[in-house]
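Following: one structure in structure tokens, then a few remarks.
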Amino acid sequence: MESGEDYSLFETRKDKGRHIRRIYAISLFVAICFIWAYRLSHIPAYGKWAWLGLFAAELWSGFYWLFGQALRWNMLFRKTFINRLSERYENSLPRVDMFVFTADPIIEPPMMVINTVLSVMAYDYPAEKLSVYLSDDAGSDITFYALLEASTFAKHWVPFCKRFKVEPRSPAAYFNTLVSTNSHDHNHAKDLDAIKKLYVDMKRRIEDVVKLGGVPSEARSKHNGFSQWDSYYSRHDHDTILQILLHERNPHNSKDVDGFVLPTLVYMAREKRPQYHHNYKAGAINSLLRVSSRISNAKIILIIDCDMYSNHSQSVRDALCFFMDEEKGQEIAFVQFPQNFENLSKNDLYGNAISATVEMSSPWFIPFAYVILGESSSTLIEGLISGGTIKGWWNDLRMWLYIRTSSYLFALIDIVWKFFGRSYSSFAVTTKIVEDDDVSQRYKNEVMEFGTSSPFFTVLATLALLHLFCLLATIKELVLCKVALTGEKMALQVLLCGFLVLINFPIYQGLFLRKDKGRLPSSHTIKSTTLALSACIFFKIWN
Ligand SMILES: O=c1ccn([C@@H]2O[C@H](COP(=O)(O)OP(=O)(O)O[C@H]3O[C@H](CO)[C@@H](O)[C@H](O)[C@H]3O)[C@@H](O)[C@H]2O)c(=O)[nH]1
Ligand SMILES: [Mn+2]
């Protein structure tokens, strides 16, 4: 057998710039050590505890940064050769089962779920070898209704994707990319209009059912699958609900409009009883493994959350390049695709928060400045290289600060609670941002999305208002010349507060200025203003 470079189905390359990257990382680490040394060698007599608090924060940020380097120290890039795969194996490709998970028709809207389902049904792969299973942990007939609609829409969508080599194959994501590009191809434009109309009609029907909170009896009577809900007691207490919507053994209802067979499509809500723990997604995977083994029994399984559509039609083939590589395939059991978050930020967020309370003229200022400037410019460059914008980078910086002051705080509270044997966490499923046209418009304009009500936002908004009050108070003192601060300290305070206010700007906008649906709910405006004002009054009296 041939072997080597020109034969393998994938190759692994090292990062070319790794030496520069490492030297840079080391220099940043040295600067961080200097910051720690400064904190330890300059402990003041007055305000000792605040100083040590800062040291603790910097120690944590420093270690956090250090752990992050583990991902960057030895970066590897992998490339697959799908042409070689199809040259050798096109006629003997293995079956692939695809598991999609959903758990709540409100938090995870059925439209989002079926867009994910459709994106994997339309993979560029022999359809008779593909099966899609939707696990619904809410056991919701609304989700089942949406999947039924999707099975009909797939008959048009899958051939459309193949005809025009559509990318990405989630209909919502694809239609979003079209806003700017005008099609010159007459056939394409005509078919596009038709498919869009089908999609919009389906979307309206599904959203009507969601608004209604149940499937109307007319729609129910069209499919006997709904009868499985007759014995349904609650989402925590029901029999197994299993419906095969598309299967090649049912020739009347398994082909697309061009007459080609579609992937198998199955809906499942596993049996649930209050006395047995369901074990979340892991429990659902377990049940689907058993069910799928009786229906399609593929040895390759792709697992995807309902909020993560597949953004490339070749993804299955990419994964197979690893599994089927003659030399190294035997050692590979698991392939992880990178995740891109569209409604958050393009990069993972990392960095450093170091309060620059050291005086600018002191040599100790250098490591502070180096770490802050060095880290922010490298994240900026990294962002720009991977196709981001300056505004996006600035938003990332914001998100990073927001996440650390809200979700980390809640995670800490949760851990403390758990330590005392209680669980406080009510977040079994992460809240998803519902994609509609307004939302995607705001996303394109890089406007932050709040919309939903969450205790996270109260914390964020209260802190943001405190920063604002702090800046106003400092400016007031400056104007009234009440305090004789040295120019340098004052400048730093204004700089720091000003920076925080700038970072928090979208929150003030969300609280007071915006009118759209993505603004902060007015209950938050009232709550956080009250909290921030009472904190101010409290400190005023206390001092
Ligand atoms: O009882 C449950 C709870 C959740 N899910 C599904 O599990 C997936 C992940 O849940 P989500 O709330 O979206 O969690 P995230 O924080 O977004 O998920 C991250 O963290 C999870 C584990 O905590 C991983 O499973 C995910 O892949 C990873 O993206 C979703 O499809 C849910 O529908 C279930 O099927 N059953
Ligand atoms: Mn998720």
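Indexing begins at 1, ligand by ligand and atom by atom, following the structure's order. These numbers come from the heavy atoms of this one structure, side chains and all, not from hydrogens, waters or symmetry mates.
For ligand 1, the atoms sitting less than 4.0 Å from at least one non-hydrogen atom of Thr102 are 33 (O), 35 (O), numbered in the order shown with element in parentheses. Counting the atoms of ligand 1 from 1 in the order shown, those under 4.0 Å from a heavy atom of Ala103 are 2 (C), 3 (C), 4 (C), 5 (N), 33 (O), 34 (C), 36 (N). Atoms of ligand 1 found under 4.0 Å from any heavy atom of Cys306 (numbered from 1 in listed order, with element): 31 (O). Heavy-atom contacts of Gln339 reach the following atoms of ligand 1: 29 (O) (cutoff under 4.0 Å). The contact set between ligand 1 and Asp307, taken as ligand atoms under 4.0 Å from a residue heavy atom, comprises 13 (O).
Here Asp305 pairs with Lys281 in a salt bridge; the nearest charged N to carboxylate O distance falls below 4.0 Å. A salt bridge does not link Lys272 with Asp237: every distance from a Lys NZ or Arg NE/NH1/NH2 to an Asp or Glu carboxylate oxygen is 4.0 Å or more. For the pair Asp97 and Lys299, the salt-bridge criterion is not met [side-chain N within less than 4.0 Å of a carboxylate O]. Using a cut-off of 4.0 Å between Lys/Arg side-chain N and Asp/Glu carboxylate O, Asp208 and Arg205 are scored as not salt-bridged. The pair Asp124-Lys162 fails the salt-bridge criterion, with no side-chain N (NZ, NE, NH1 or NH2) lying under 4.0 Å from an Asp/Glu carboxylate O. With salt bridges taken as basic N to acidic carboxylate O contacts below 4.0 Å, none links Glu149 and Lys203.
Relative to the ring axis of Phe10, Lys328 places its NZ or CZ within 45° and under 6.0 Å from the centre.
Asp307 contributes OD2 as its N, O or S atom closest to the Mn ion (ligand 2).
For Ser135, the closest heavy-atom approach to ligand 1 does not fall below 4.0 Å.
Of the polar atoms of Phe101, at least one N or O is found under 3.5 Å from an N or O of ligand 1, judged by distance alone. On a distance-only criterion, Asp137 and ligand 1 share at least one N/O pair closer than 3.5 Å.
Contact annotation: for Glu108 versus ligand 1, heavy atoms closer than 4.0 Å belong to the side chain alone.
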